[in-house]
Protein chains: 2
Amino acid sequence: MRSPETAPLLLWLNGVGFSYALDGNVTIDDFAVAEQNYQALLDFLSRFPELAARDFYITGESYAGVYLPTLGVKIVNDKTNFPNFKGMAIGNGVLSFTLNYQTMVPLYYYHGIVRDELYQRLSSTCCNGNIETCDILGLFNNLTCKPIISELYDAANPPLNSYNLYETCYLSDNGPTNKLSVIKRGIFHDFHRDKPKRNIKKNVQFDTPTGCIQVNNTYIYMNRQDVRKALNIPASLPIWTDCNDEVTNNYVFRYYNMTKQIEAISAAGVRILTYFGDVDTVCNDVMGAKFLTSLNKTIIGPEVVNQPWTYNGAAKYADVAGFQLKYDGGIDYLTVRGSGHFVPKDRPREALQMIYNFVNQRDYSMPVPQ
Amino acid sequence: MRSPETAPLLLWLNGVGFSYALDGNVTIDDFAVAEQNYQALLDFLSRFPELAARDFYITGESYAGVYLPTLGVKIVNDKTNFPNFKGMAIGNGVLSFTLNYQTMVPLYYYHGIVRDELYQRLSSTCCNGNIETCDILGLFNNLTCKPIISELYDAANPPLNSYNLYETCYLSDNGPTNKLSVIKRGIFHDFHRDKPKRNIKKNVQFDTPTGCIQVNNTYIYMNRQDVRKALNIPASLPIWTDCNDEVTNNYVFRYYNMTKQIEAISAAGVRILTYFGDVDTVCNDVMGAKFLTSLNKTIIGPEVVNQPWTYNGAAKYADVAGFQLKYDGGIDYLTVRGSGHFVPKDRPREALQMIYNFVNQRDYSMPVPQ
């Protein structure tokens with residue numbers, strides 16, 4: 001591997017951590033987040049000017065499907081401060097809300113978690129017999145279809161783990177740490193809240209189940225006095241919670257898909273990897289595939305059913321790491337087989353190999369040098 | 001548990017073993033198999049008359065979706081010899097060829113193994129934009145659609161294990177034991193062969209990949225002299241092979257779905273369990289769900305998205321064994337989460353609990369008594 005002194009720089013945008021507002025106003029939107037992330041990068045480089053010459057990549061997952069492209073556009077427009085921005089890797093990113101909600105319905109069904117009778121009822125009553133072309137988002141205000149969609153969207157809730165259909169649903173025992181429900185509430189109820197006529201999800205009665213991620217230990221750690229002190233958290237602030245309700249309820253979505261941003265970043269010569277754990281139902285791989293199709297790029301390489309990539313250069317019939325498709329414009333699409341929403345957690349060795357080869361522009365099946 | 005003396009009798013129809021024909025004519029069809037299985041049961045009971053008073057169940061998997069119902073109809077029609085026939089449990093059974101081939105296409109797609117562009121091309125070129133209502137079988141003679149369908153059906157071939165998408169594809173090293181390809185050849189090329197105008201698959205060029213099951217050891221075992229002797233195999237017969245080509249090529253399919261048989265067996269008061277490992281692509285769970293819907297039975301129990309069942313009576317948010325739906329007429333539908341085609345192999349503890357509770361008419365989530 002390259003020496004640490006010259007290795008490319010990868011920064012992982014990992015959620016909001018212990019964010020706070022001294023004035024108590026936590027209202028924020030996609031525009032402000034992109035700007036703050038951009039300013040944070042400028043700060044980072046001003047503190048570590050020796051890193052400015054390095055190749056530079058940004059990575060992230062899930063809602064980073066919005067955070068990263070919106071940040072990436074700012075970076076490509078600032079060649080002065082970021083002359084070496086080379087690529088962006090997005091894991092299970094919500095590149096299109098519309099496609100995500102559309103694909104979610106048949107995806108659930110073909111994973112056996114939606115009752116056939118309910119699926120057929122939605123199809124015949126609300127979709128003219130064609131689920132795949134159905135404007136699911138547009139039906140959220142329809143009084144007949146609303147309860148069917150609500151029931152259907154609950155299919156991947158606990159006791160299933162919607163982030164990985166085949167994993168056990170772990171829950172925290174009790175208390176304020178069970179807040180992953182807020183993610184779902186946020187997505188289903190509150191996006192588009194700044195645009196009343198598109199505020200189509202408000203009327204849908206979703207269950208607000210807890211998520212399946214055990215966060216007790218994080219909660220305990222983040223609220224230790226020594227940790228707060230090390231993070232410079234003012235003593236006046238309340239305790240840390242996961243997915244704070246107030247923050248979620250005051251977040252304003254500004255985008256519904258990332259086409260323009262992806263196009264602009266690609267046009268600037270920055271390579272883009274979109275990868276998807278293929279048993280995630282929250283931001284699913286088929287949404288990703290359809291999003292890339294919608295860009296009308298040319299597929300590079302053989303026209304095969306799908307091109308597998310393997311861990312460690314394994315032989316043809318060995319375990320498959322996933323599938324890959326490369327597009328003109330430096331845009332790659334990779335699936336990670338059997339992985340949920342969090343690829344580096346579920347498939348760490350494949351994730352390392354994937355990122356290493358993306359950065360070094362090698363075949364995705366090549367082993368990472370020891 | 002009940003004593004072995006009074007326990008229900010379960011016979012597992014486990015393939016054709018070391019079948020042979022002394023006259024060399026291995027041509028056989030569904031009618032003959034049903035009759036031979038029926039005669040074999042009569043033979044069995046004549047050798048073990050003490051078992052005739054026991055409750056009696058038949059079970060099997062895959063193509064036993066045809067073997068079992070066709071045998072079951074013969075058994076319910078013979079109350080004299082089989083007064084205690086109580087139930088039938090079919091695992092990943094091919095209850096409808098038509099529904100299986102139709103659901104296979106979107107099922108592959110929503111598991112991320114079919115390239116989006118190919119799927120959309122099939123939809124727009126051959127299916128009027130609606131894959132789910134598309135007569136896929138009827139398109140097998142269409143020169144434009146044939147190559148698209150061929151390519152698409154190859155998506156679950158090695159290096160994937162079509163019997164379990166998330167398992168490693170194991171292969172025998174070489175030689176005559178690599179014959180699981182024959183299964184696919186048999187299904188794709190040769191069924192309907194006795195009805196020329198419906199012989200729609202002959203023209204489709206499928207790859208004939210090997211399957212993913214390591215059978216070398218079975219091959220060695222079955223061809224040992226002491227094993228052949230114990231099984232009364234005449235010395236004049238050739239060696240045993242898995243999925244013998246000649247037998248497969250001469251097998252004649254007579255049924256395309258099992259509606260009449262399932263109806264007749266249910267009407268006779270015999271309970272039917274259809275269970276499906278939900279990551280199998282060969283005989284998939286959605287085909288099973290659609291088949292049961294097509295019977296127009298009433299769903300028993302709450303109208304929920306799907307009703308989970310759990311291993312060992314686990315609490316609500318513990319690991320889910322699968323989902324269940326019960327229909328009027330004693331017909332149950334169970335999925336086994338994360339299991340492939342062979343549920344007792346992939347999920348042995350869940351399989352035991354499922355069969356025990358089916359036989360004993362208990363809630364499927366109840367633990368098996370120790």
Side-chain angles (χ1 to χ4, degrees), chain A residues 103 106-120 123 129-133 151-152 154-155 157-160 165-171 210 212 276 278-279 284-286 289-290 292-293 299 303-308 310 314-320 322-323 325 335 337-338, chain B residues 103 106-120 123 129-133 151-152 154-155 157-160 165-171 210 212 276 278-279 284-286 289-290 292-293 299 303-308 310 314-320 322-323 325 335 337-338:
Chain A
T103 54
L107 188 102
Y108 281 14
Y109 177 66
Y110 287 103
H111 282 79
I113 63 174
V114 169
R115 194 174 72 238
D116 181 62
E117 176 275 340
L118 185 69
Y119 186 75
Q120 304 305 341
S123 179
N130 193 344
I131 292 273
E132 292 190 307
T133 56
E151 191 179 352
L152 202 145
D154 279 338
N157 284 339
L160 290 185
L165 276 184
Y166 305 109
E167 210 176 53
T168 297
C169 178
Y170 290 106
L171 289 178
T210 51
C212 291
F276 289 86
D278 67 4
V279 300
N284 75 73
D285 58 319
V286 178
K290 280 180 178 290
L292 292 195
T293 297
I299 294 173
E303 287 276 332
V304 292
V305 173
N306 252 336
Q307 183 76 28
T310 61
K316 191 180 168 198
Y317 288 120
D319 214 355
V320 179
F323 294 91
L325 209 50
T335 63
R337 188 170 69 113
Chain B
T103 54
L107 189 102
Y108 281 13
Y109 178 66
Y110 287 102
H111 283 80
I113 63 174
V114 169
R115 194 174 74 237
D116 181 62
E117 177 275 337
L118 185 69
Y119 185 75
Q120 303 305 342
S123 180
N130 193 344
I131 292 274
E132 292 190 305
T133 55
E151 191 179 352
L152 202 146
D154 278 338
N157 284 340
L160 290 186
L165 276 184
Y166 305 108
E167 211 176 53
T168 297
C169 178
Y170 289 107
L171 289 177
T210 51
C212 291
F276 288 86
D278 66 5
V279 299
N284 74 74
D285 56 322
V286 179
K290 280 181 177 290
L292 291 195
T293 297
I299 295 174
E303 286 277 332
V304 291
V305 173
N306 253 337
Q307 184 76 29
T310 62
K316 192 180 168 201
Y317 287 119
D319 216 355
V320 178
F323 294 91
L325 209 49
T335 63
R337 189 170 69 113

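First the proteins, then the strands, lettered A, B, ... as listed; each starts at 1. Note that this is a predicted model, so its numbers are computed, not measured.
Listed options B:Ala289, B:Gly322, B:Pro106, B:Gly112 were ranked by heavy-atom pairs under 4.5 angstrom with chain A; first place goes to B:Pro106.
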Determine, stepwise, if the pair A:Arg337 / B:Leu160 fulfils side chain to side chain contact (heavy atoms under 4.5 Å, CB included).
-> CA-CA 10 Å; A:Arg337 188 170 69 113; B:Leu160 290 186; 3.7 Å; yes
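For A:Leu165, the part lying near chain B is the backbone, with the side chain staying farther off; criterion is any non-hydrogen pair under 4.5 Å. Using a 4.5 Å cut-off between heavy atoms, A:Asp285 contacts chain B through its side chain alone, with no backbone atom that close. At a 4.5 Å heavy-atom cutoff, the contact between A:Gln120 and chain B is made by side-chain atoms alone. Proximity to chain B involves both the backbone and the side chain of A:Tyr166, based on heavy atoms less than 4.5 angstrom apart.
Atom OH in A:Tyr109 sits 8.0 Å away from atom OG1 in B:Thr103 (nearest 0.5 Å). Separating the CG atom in A:Asp319 from the CD atom in B:Glu167 is a distance of 9.5 Å, to the nearest 0.5 Å. Rounded to the nearest 0.5 Å, atoms CD1 (B:Ile113) and OG1 (A:Thr335) are 10.0 Å apart.
Taking each heavy atom of A:Gly129 and B:Thr133 in turn, the nearest pair found is O-CG2, 4.2 Å.
For the residue pair B:Glu132 and A:Tyr119, a side-chain donor N or O sits within less than 3.5 Å of a side-chain acceptor on the partner.
The residue from A:Val286, A:Asn284, A:Asp278 that alone fulfils the side chain to side chain contact (heavy atoms under 4.5 Å, CB included) condition with B:Tyr110 is A:Val286.
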